[in-house]
Each structure stands twice: as C-alpha cells, then as structure tokens.
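Note sheet for the following structure.
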Amino acid sequence: MARPTSTARQELGEELRRLRGTARGADVAAGLGWSESKLSRIETGRTGITESDLERLLTWYGVTAPVGSRLQGLARRGRTRAWWTPYRSALPAPYDEYVALEAEAVAMCEWEAQIVPGLLQTDEYARAVIGAGAGIADAATADRRLALRMARQAVLTRDPPPRLTVVLDESVLHREVGGPGVLRRQLQHLVDASRRPGVELRILPFRAGAHAALAESFVIFDFEGHSRAAVVHSEGMTGGLFRMKPDDVRIYRDGFADLHKRTLSVEESRAAVARWSDGVGSSVTGALS
C-alpha cells in the first residue's frame with residue numbers, strides 16, 4: 001500500500017480528479033504525453049507531481065489563479081519530506097496516514113473507551129500499551145513506535161495549538177495499564193495536560209448509561225478553514241478505518257455530541273481524575289459519583 005508523505009498530496013489528487021470531470025484519464029494522459037498510470041498515481045496521492053508537470057496539467061484544464069496558486073501550494077507541501085519518515089519502517093501504512101492527519105488538523109474530537117489517547121500518554125504508559133498490542137515483531141519495532149508516539153505529542157505545542165477535545169470513559173481510569181504505579185502517574189499527567197491551552201478533557205461516568213458511541217472509539221479530524229473535508233478514524237485489531245463521506249462524518253459528529261452532553265464538566269472531570277489517581281492501588285475504590 002502506498003504511503004502519502006502528507007495529506008496535502010491526497011487533497012491535491014482529489015482536486016485534480018475533480019477538475020478532470022468526465023474526461024477520460026487515458027485521453028488527458030495522452031494529451032500530455034504521460035502514461036495513464038502516472039496520472040492515476042497523482043490523482044490517488046500515491047506520488048507527488050513536479051511544479052512543471054502541474055503547470056502543464058492546470059493549463060490543460062484551463063485553471064488560472066488563485067485556484068492554480070493554491071494547488072501549487074498543495075503540491076509543494078506534498079513534496080516535503082514528512083517529519084515521521086525515519087519511523088516508517090515500524091509503522092503499518094494506515095497509521096502513517098493517521099499521523100499525517102494529526103499533524104495537519106486544527107481540531108480533533110476523540111472518544112476513547114479503553115485507554116488514554118496517544119497524544120496524552122506518558123512514555124511508560126505508552127510502552128505498556130504498545131507492548132500489549134498484536135503484531136509487534138520485536139523490541140526494536142516497539143521502541144521505534146514508542147519514539148514516534150512521544151514525538152507526535154509535539155503537535156500540542158504548535159502556535160496556535162490544535163483544539164483537542166477528549167472524552168474518556170470512566171473505565172480508562174480503572175484499567176491498570178502497566179500496573180498501579182504507571183496508571184497513577186498517567187492520571188497525574190492527565191490532570192496537568194487538561195490545563196494546557198486548547199485541551200478539553202471530559203470523563204463519561206458509568207452512570208451515563210447507554211450512549212450513541214458504544215460500538216467503537218474514534219477521532220474526528222477537522223482542517224483549517226474547511227480546506228479539506230473532515231476525516232473520521234476508528235481503530236481496529238488489524239489497522240484503522242478512515243471515513244470521509246459527509247453522511248458518515250455527520251453520524252460520528254452526532255455520536256460525539258451525545259457523548260459530550262453526558263460527561264462531567266471540565267472542572268468535575270479534572271477533579272475526578274485527580275481523586276482517582278490518589279486512590280489507584282488502594283483496597284477501597286468505587287465509581288465516580
């Protein structure tokens with residue numbers, strides 16, 4: 001499976017496919033002296049496009065500024081070497097695309113029922129999560145994935161930072177990933193992270209009962225000025241799924257809205273996490289009240 005350097009390449013391909021309209025790809029390629037497979041690879045984001053080739057293609061389609069300038073900008077971004085390239089040997093292709101989306105998103109809404117999201121994990125908690133995962137061939141692969149997960153967290157220090165809204169099921173506070181000590185330090189880290197600019201952390205208590213997102217955990221990515229369509233990612237045992245159809249995205253937005261209205265407030269959530277971190281490993285525990 002091809003690995004795009006950036007979602008800019010995918011976005012450019014989608015725009016070029018739209019510009020082609022009803023024209024046959026074979027006819028366009030022949031008119032430019034290209035192979036049809038070359039045009040196909042560009043339109044699917046599997047390969048980038050040079051500045052001169054893009055100018056010729058845009059001229060063929062009759063595209064002028066400012067649309068042409070914007071597409072040239074996308075092409076330049078698509079040719080840029082991704083910062084996570086050194087880690088790619090340890091990654092499945094869908095995860096590579098996930099990192100690209102995360103790096104470009106201006107807002108993320110994440111629902112997690114099992115573990116703390118990667119952007120908010122401590123290194124020891126992340127190591128325990130990665131080590132428990134299926135398909136880790138060796139320690140070196142696990143180490144590279146851990147290094148990437150920690151590096152990804154730099155996205156929260158951008159200026160301005162992305163808006164990250166996280167809803168965690170109460171069960172996440174109970175699950176002793178890595179043992180009581182690791183969980184305690186992870187929850188203390190969550191309290192600190194919840195005070196960062198752009199981060200909104202909310203807890204969904206057990207008493208909330210059934211809700212619209214019982215089926216799966218997911219994250220919704222939104223992009224600057226709606227320059228590209230929102231994308232939903234849901235995780236699976238053998239890789240994640242990406243959903244971009246507007247109707248699908250709307251269903252997930254509705255599901256997240258249902259979760260959000262059932263959560264504790266930001267202040268109550270922070271207090272609940274702090275209270276639970278103090279009680280991790282004790283013999284007296286209970287559900288959040």
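Looking only at distances, no side-chain donor or acceptor of Arg149 sits under 3.5 Å from a matching main-chain atom of Leu119. One N or O on the side chain of Gln186 and one on the backbone of Leu120 form a donor-acceptor pair closer than 3.5 Å. A donor-acceptor pair under 3.5 Å is formed between the side chain of Asp138 and the backbone N or O of Thr141. In this structure a side-chain-to-backbone donor-acceptor pair under 3.5 Å is present from Glu268 to Ser265. A distance-only check finds no donor-acceptor pair linking the side chain of Ser194 to the backbone of Leu201 [under 3.5 Å]. In this structure, the side chain of Glu170 does not engage the main chain of Arg207 through any donor-acceptor pair within 3.5 Å. The main-chain N or O of Ile203 is found under 3.5 Å from a side-chain atom of Ser269 such that the two form a donor-acceptor pair. Checked by atom type and distance alone, the side chain of Ser40 never pairs as donor or acceptor with a backbone atom of Glu36 at under 3.5 Å. Side chain of Arg17 to main chain of Gly21: a donor-acceptor pair is present (N/O by atom type, distance under 3.5 Å, no hydrogens or angles).
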Run Arg70 and Glu11 through salt bridge (charged side-chain N to carboxylate O under 4.0 Å, His left out) and show every step you take.
CA-CA 11 Å; Arg70 185 175 71 83; Glu11 183 180 351; 3.7 Å; yes

Walk me through it: do Leu16 and Leu12 pass the test side-chain contact (heavy atoms from CB on, under 4.5 Å)?
CA-CA 6 Å; Leu16 294 176; Leu12 175 64; 4.0 Å; yes

Run the salt bridge (charged side-chain N to carboxylate O under 4.0 Å, His left out) test on Asp27 and Arg24 for me, step by step, so that the C-alpha distance in whole Å, both residues' side-chain angles and the decisive distance to 0.1 Å come before the verdict.
CA-CA 5 Å; Asp27 294 338; Arg24 295 175 64 245; 2.9 Å; yes

Please determine whether salt bridge (charged side-chain N to carboxylate O under 4.0 Å, His left out) holds for the pair Arg184 and Asp278, giving the CA-CA distance in whole Å, both sets of side-chain angles, and the decisive distance to 0.1 Å.
CA-CA 7 Å; Arg184 183 182 305 111; Asp278 292 338; over 6 Å; no

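Within 6.0 Å of CZ in Arg20 there are more than 12 heavy atoms belonging to other residues, nucleotides or ligands.
Clustering of Ile, Leu, Val, Met, Phe, Trp and Tyr side chains at separations under 4.5 Å places Phe256 together with Trp111, Val167, Leu204, Phe218, Ile220, Val232, Val249, Tyr252, Leu259.
You'll find the ring centres of Tyr98 and Phe221 inside the 6.0 Å limit.
Between Ala75 and Leu54, the closest heavy-atom pair is CB-CD2, 3.7 Å. Contact between Pro117 and Glu112 at its shortest, heavy atoms only, is CG-CB, 4.3 Å. Taking all atoms of both residues into account, the shortest heavy-atom contact from Trp34 to Ile49 is CH2-CD1, 4.3 Å. Among all heavy-atom pairs drawn from Ala212 and Asp258, the shortest one is N-OD2, 2.9 Å.
The cluster map of Ile, Leu, Val, Met, Phe, Trp and Tyr, joined by side-chain heavy atoms under 4.5 Å apart, puts Val219 and Val106 in different clusters. Leu164 and Val266 fall into different hydrophobic clusters, where Ile, Leu, Val, Met, Phe, Trp and Tyr are joined by side-chain heavy atoms under 4.5 Å apart, directly or via other members. Hydrophobic clustering, with ILVMFWY side chains joined whenever heavy atoms are under 4.5 angstrom apart, groups Met108 together with Met244. Under the 4.5 Å side-chain heavy-atom criterion for grouping Ile, Leu, Val, Met, Phe, Trp and Tyr, Val67 is connected to Leu57 within one hydrophobic cluster. When hydrophobic clusters are built by joining Ile, Leu, Val, Met, Phe, Trp and Tyr residues whose side-chain heavy atoms come closer than 4.5 Å, directly or via intermediates, Phe223 is grouped together with Phe242.
Asp169 and Arg175 are not joined by a salt bridge, as no carboxylate oxygen comes within less than 4.0 angstrom of a charged side-chain nitrogen.
Taken from CD1 in Ile130 to CZ in Arg127, the straight-line distance is 7.5 Å, to the nearest 0.5 Å.
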